[in-house]
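One structure is given below, encoded as structure tokens.
First the proteins, then the strands, lettered A, B, ... as listed; each starts at 1.
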Amino acid sequence: MTAYNEELEAARLVARAKRAKEAAKDLRDDGDIAGAINVLADAIEVLTQAPVAADLETTRQATKPVRDVATQLADLLGMLGGNHRRLGQHDAAQACFERGSRLEASPVLEIMSSYNLVNAITLPIESDPGALETQRPAMQRAVDAIERQVAGSRRNDRWAWADLAQCQLLLDRMDDALRSYARVHALGDDETFTSVVTVLERLSAAVPALRPRVEAAANVLRDSIRSV
Amino acid sequence: MTLPSASRTLVIMLGASTYPRSTSLDNPRFERSARALQAYFTDPLRFGLPQDQLLWLFDSPKGPTELNEQLESFLDRAMSKPDDERPQDIIVSFVGHGFFDDENHYYLAINNFNPRAPEYSYRFKLLQSTIRHHAQQARKYFILDACYSAAAASELMSAEPVVHQIKREVAADAAADLPMRGTALLCAASKNDQAIAPSADEYTMFSGAMLSVLQEPSTAGALNLRQLHSLISAHIRAKHGELSVQPEIYAPGQQHGDVGDIPLFTLRYADAATATDVDDALSPSWFTETGLIHAVVVGRRGHPGELPGLVQQVGDAWHNHHKGISAAADLCRAAWRAQRVPLELGEGSLKLSHLIAEEAFKSEESLRLAVVALCRAEIAVFDLSDWDPAVTFLLGVRSVVRRGVTVTSLASVDGKEFRVGGAFSMPFNLQLLNLAAHSESQETEGTGKRPYELLGTKIENGFRELANLPHYLDLPAYDAIRQLGTESGAYRAVAMHERILMLCPFSETYQKKNWPRLEKMLPSCVRDHVEKTEGRKDVSPPQLARLLDLRTPRLVAQTLFEAIRLIDMCVIDWTDKRINVVFEAGVRLAAHPLGAIHVLEEGAWEQLEKSKDPADIQVRAILRLLAPITYPLGGVSTKKFTDMVQRFATTVQAYNGGQYQLIYATAGKELDRRAQPAAMPLANELLRSANILEPDDEESAGVSAVLYHDVNRELVTEASAAAADRRLAAWLFLARRYGPEHIAADQQRREQFEFLTLRVKRWARRVKRRDLLAEIDDVANAVSAHVNGQGSNT
């Protein structure tokens, strides 16, 4: 038997995660959110049990195969959180986002995503409008972190700009938020815009006070959808 | 079957040279033999066994029971190691007297030997069963150099029946062993060692021969037990003639291969100064099908007693980067569905060899072996210091026969030390090379930039990119010489009466003196030849075309390689020994069955013959094989030019009769088919093409692969649509080509199909292709049914 090759094992796990994400999207499109949750949870279990993903949250150094698996794991957690939120299971969703954000925050894992981080901060606002104020310090930290990212290797990442814009909007930094949404406009496609607008509408429904800001941002993106 | 490594081998050394109860049996050659074998095993430059993995019981005064207990505890300690460190090979060596008791049980006479009581000696069956019980998972090798002059009168028989009896005893016990492991025996039993090994000899006949084979090899590598047996036999025959006592081998086939075929006995060159893990790439046995990574360093011969600097640097690169390189090479092989790298061997998974460039041109056979090495080596590192002609020629061959991984490095150029980033003049067709440096000054560039680090990183990245990038290239020519167009007309040969390709220098002197002469004489000779042989009268002379005469706006290199591939008659002028021309010569001879007509101005040849410059000596060696035609710069005689035409005509005739030019024929036969473009499965090709347009994780990552994606959205849309088309094509191909049963049966294909099914399904939904959705579901369900064991075989 050939000895264990971490790179090949990681490639296998990455492929497994990609299949699970596609399957979850397929089930979600069919309206089977519970099915999507099962598929994602299974994949998370497989990845978490793999030796290559051992001690991800505490590791002090990570090889490329480890970073690749961690990136997929964070993405799976984000999708799982999103599906729990669709079913109104906010506690489960919050747990996923927080676990994913710990991976995203690891300096050694180099995960180029802020989806879990931003959702872990904003989900409480969807449940409790009062959290808009209590989450401000966390949102400011997120903005600082994502601003550093978009000044560097996430410059062309539409989701980075969307996450940044969302936090800036919630912090009522509308000029900055509209500039960031303009970047989303430049970098994204119609699916990106639809997804971002959906998030804005959800926030607006949860916190009516946000409606004028959300409208302004949504107009930027709706215009772009029409132009597409 | 896992390959052996010194770090996972145990050696047990038994026997005696003194017998206090029977001093007439004392024999100092037994001890010298045992000591020399011990030295071979533990020498880091030979077998390389860690000291604590050798159990020395030779001349121990202990009785058999105590010896056996010592053996048991040694084995238990070693076998309790973790799985990946546990010994997998055990060698038991015995030198001394052996005998049979009254019941024909075989005994090894130890220091405790008592001629009247066999129980004072070590019964062989006890030794064998102890090892079997305590090291079940290991392969066992018994090497017995046994004299039986200690035997009782009843056993005073000829050597042959003694050996057969020992073999029977070994076989009886080995039958109880695990079938996937196995036991092998190499045994010599001499009747009177004193008589047949003259007293001048230092060792016993058998051990002496074995030591000669192991310590003074003609080549480096590893021998299996069968090869060792055959070489020892030959050695004994040659040295002792009629007095020879031939050893016997017992190595039955086992469920997982034959233990006698395991390459266990490492051979290294005897000279300590040159003793390293480096093999000779021109050895016919260099390439093995063991799954090892084969690497070749092409360069000059080192100073006497030293390996060349680049060979040492590649060795250091491997030592420091072997994990990354092995994993990346394994990744590449997995992508090719080729035999996996034996990662369990750690540093032992490389077969490093040196191809001394000047040796490659000693004979046609050595050139053939050099081409084989260039075809087979997964890693080739070229020392281009001072643009050695022989190395550059071989680089030209390599650039045609293998897509990767090739690394080029310089220590010096134009007589000055070279560092990465240093300014220097470079031959135009090598200007795109990504050079490393192995000069002393590069050593001082600091961490991350030292030669071995540059080489190690380049090799590792090379494998990874080769696995993932469809058009990975580290040398010019490979694609340019293969991909000439999409219509068969693009591959039509250009006949001699249409055009002659001239690979030649572009120096001012050459263009002034040589070129006008050749341009005047050669085309007219070709015309005369064609008119004569074809009986025509109005033939126009062909164009004698240099690179600059090929009128096209295409890139120079592309044009050159296309011409090299297509034009039948190619004349290579070695006058001035231009390095561009030398490289092109290598490319041409590897890529064209008709080879080339090699020519040289008469004066240049005379100078070359006298020169002691190393580069000139190399060119001389190359040209001796290529038999150049020298031509005069003046005079009216057309003979030499007619000779060139005649040489070409003869080559064509030979080709038509099935005789191919050596380098071309060798390359075509020996190239690694896995590295050829045809080896890429179609679905993978389509998926790669799709992923280049739109990576399959683009949606998650949020980063577009399209250049200008942020200023031209239409480009992104079109790229996405084109990617979707390729994924659909891949899905349809898999579904039609294999069918549900075969997709389900192959895990890799099944996973690829499942992923594609999901991607294509989402696309079909978006574009509202209900018919396709139904088909996708049908096939996907059928595959699932087969996976779950419910599928129909019809």
Side-chain angles (χ1 to χ4, degrees), chain A residues 1-12 14-30 39 63-65 68 71-72 74-76 78-79 112-115 153-163 183-192 195 224 227-228, chain B residues 1-2 83-84 291 323-324 326-335 339-346 349 460 463-464 467-468 694 696-706 709-711 713-714 716-717 720 747-748 750-762 765-766 776 780:
Chain A
M1 186 187 148
T2 304
Y4 176 76
N5 182 343
E6 188 181 67
E7 287 192 44
L8 274 178
E9 177 64 0
R12 188 186 70 78
V14 167
R16 171 78 169 80
K18 285 181 178 178
R19 286 200 304 279
K21 288 190 287 185
E22 290 299 325
K25 287 174 195 167
D26 185 45
L27 291 161
R28 180 199 63 196
D29 292 350
D30 271 346
V39 164
T63 57
K64 187 178 179 298
D68 289 347
T71 298
Q72 293 301 325
D75 206 24
L76 287 166
M79 283 185 74
M112 292 293 118
S113 173
S114 43
Y115 180 81
S153 56
R154 295 191 74 194
R155 184 173 46 83
N156 288 334
D157 181 340
R158 54 184 179 265
W159 297 124
W161 287 102
D163 291 339
R183 289 307 299 152
V184 178
H185 172 202
L187 298 170
D189 55 12
D190 54 350
E191 284 190 14
T192 314
S195 166
S224 67
S227 74
V228 172
Chain B
M1 179 179 291
T2 49
D83 281 358
D84 56 351
K323 282 190 180 161
S326 305
D330 193 37
L331 200 65
C332 213
R333 290 204 194 162
Q339 184 182 11
R340 300 282 299 280
V341 175
L343 297 176
E344 66 277 16
L345 295 184
S349 61
E460 181 179 339
F463 272 121
R464 201 162 281 121
N468 294 313
E694 183 194 61
D696 61 17
D697 60 350
E698 197 260 3
E699 195 176 343
S700 293
V703 179
S704 174
V706 177
H709 65 96
D710 46 355
V711 290
R713 192 158 293 136
E714 286 77 10
V716 181
T717 308
S720 181
Q747 187 185 350
Q748 198 174 334
R750 189 181 79 233
E751 290 178 358
Q752 187 177 53
F753 181 78
E754 284 171 0
F755 181 72
L756 273 170
T757 296
L758 293 159
R759 288 293 298 230
V760 172
K761 200 170 162 186
R762 284 185 67 210
R765 269 199 181 124
R766 202 163 61 212
I776 292 167

CG/A:N5 to CG/B:L343 distance, rounded to the nearest 0.5 angstrom? 5.0 Å
Quick test of your reading of the model: are A:K21 and B:E699 salt-bridged, counting only N-O distances below 4.0 Å? no
Inter-residue atom distance A:E6.CD - B:K323.NZ, 0.5 Å rounding: 10.0 Å
Using non-hydrogen atoms only, which part of B:E698 is less than 4.5 Å away from chain A: side chain, backbone, both, or neither? both
Check each atom of A:N156 against the heavy atoms of chain B and say whether the ones under 4.5 Å are side chain, backbone, both or neither. both
Largest heavy-atom contact set with chain A, pairs under 4.5 Å, which of B:T757, B:V716, B:D696: B:D696
When every non-hydrogen atom of A:E7 is compared with those of B:A327, the smallest separation belongs to OE2-CB, 3.5 Å
Compare every heavy atom of A:E22 with every heavy atom of B:L758, then report the nearest pair and how far apart it is. CB-CB, 3.5 Å
In terms of heavy-atom pairs under 4.5 Å with chain B, which of A:D75, A:T192, A:T63, A:V14 leads? A:D75
Evaluate the side-chain contact (heavy atoms from CB on, under 4.5 Å) criterion for residues B:R766 and A:E191: first the C-alpha distance (whole Å), next the side-chain angles of each, then the deciding distance (0.1 Å), finally the verdict. CA-CA 11 Å; B:R766 202 163 61 212; A:E191 284 190 14; 2.8 Å; yes
Stepwise side-chain contact (heavy atoms from CB on, under 4.5 Å) check, B:R340 with A:L8: CA-CA 11 Å; B:R340 300 282 299 280; A:L8 274 178; 2.8 Å; yes
Using salt bridge (Lys or Arg N to Asp or Glu O under 4.0 Å), reason through A:K18 and B:E751 one step at a time and then give a plain yes or no. CA-CA 11 Å; A:K18 285 181 178 178; B:E751 290 178 358; over 6 Å; no
Which atoms of A:A186 come close to chain B, meaning under 4.5 Å heavy atom to heavy atom: side chain ones, backbone ones, both, or neither? both
So what's closer than 4.5 Å to chain A heavy atoms on B:R762: side chain, backbone, both or neither? side chain
Could you please spell out the steps behind the salt bridge (Lys or Arg N to Asp or Glu O under 4.0 Å) verdict for A:D30 and B:R765? CA-CA 10 Å; A:D30 271 346; B:R765 269 199 181 124; 2.4 Å; yes
Side chain, backbone, both or neither: which part of B:A334 has an atom under 4.5 Å from a heavy atom of chain A? side chain
Any donor-acceptor N/O pair, B:R713 side chain to A:G188 backbone, under 3.5 Å: yes
A:D190 CG to B:T717 OG1 distance, which is reported to the nearest 0.5 Å: 7.5 Å
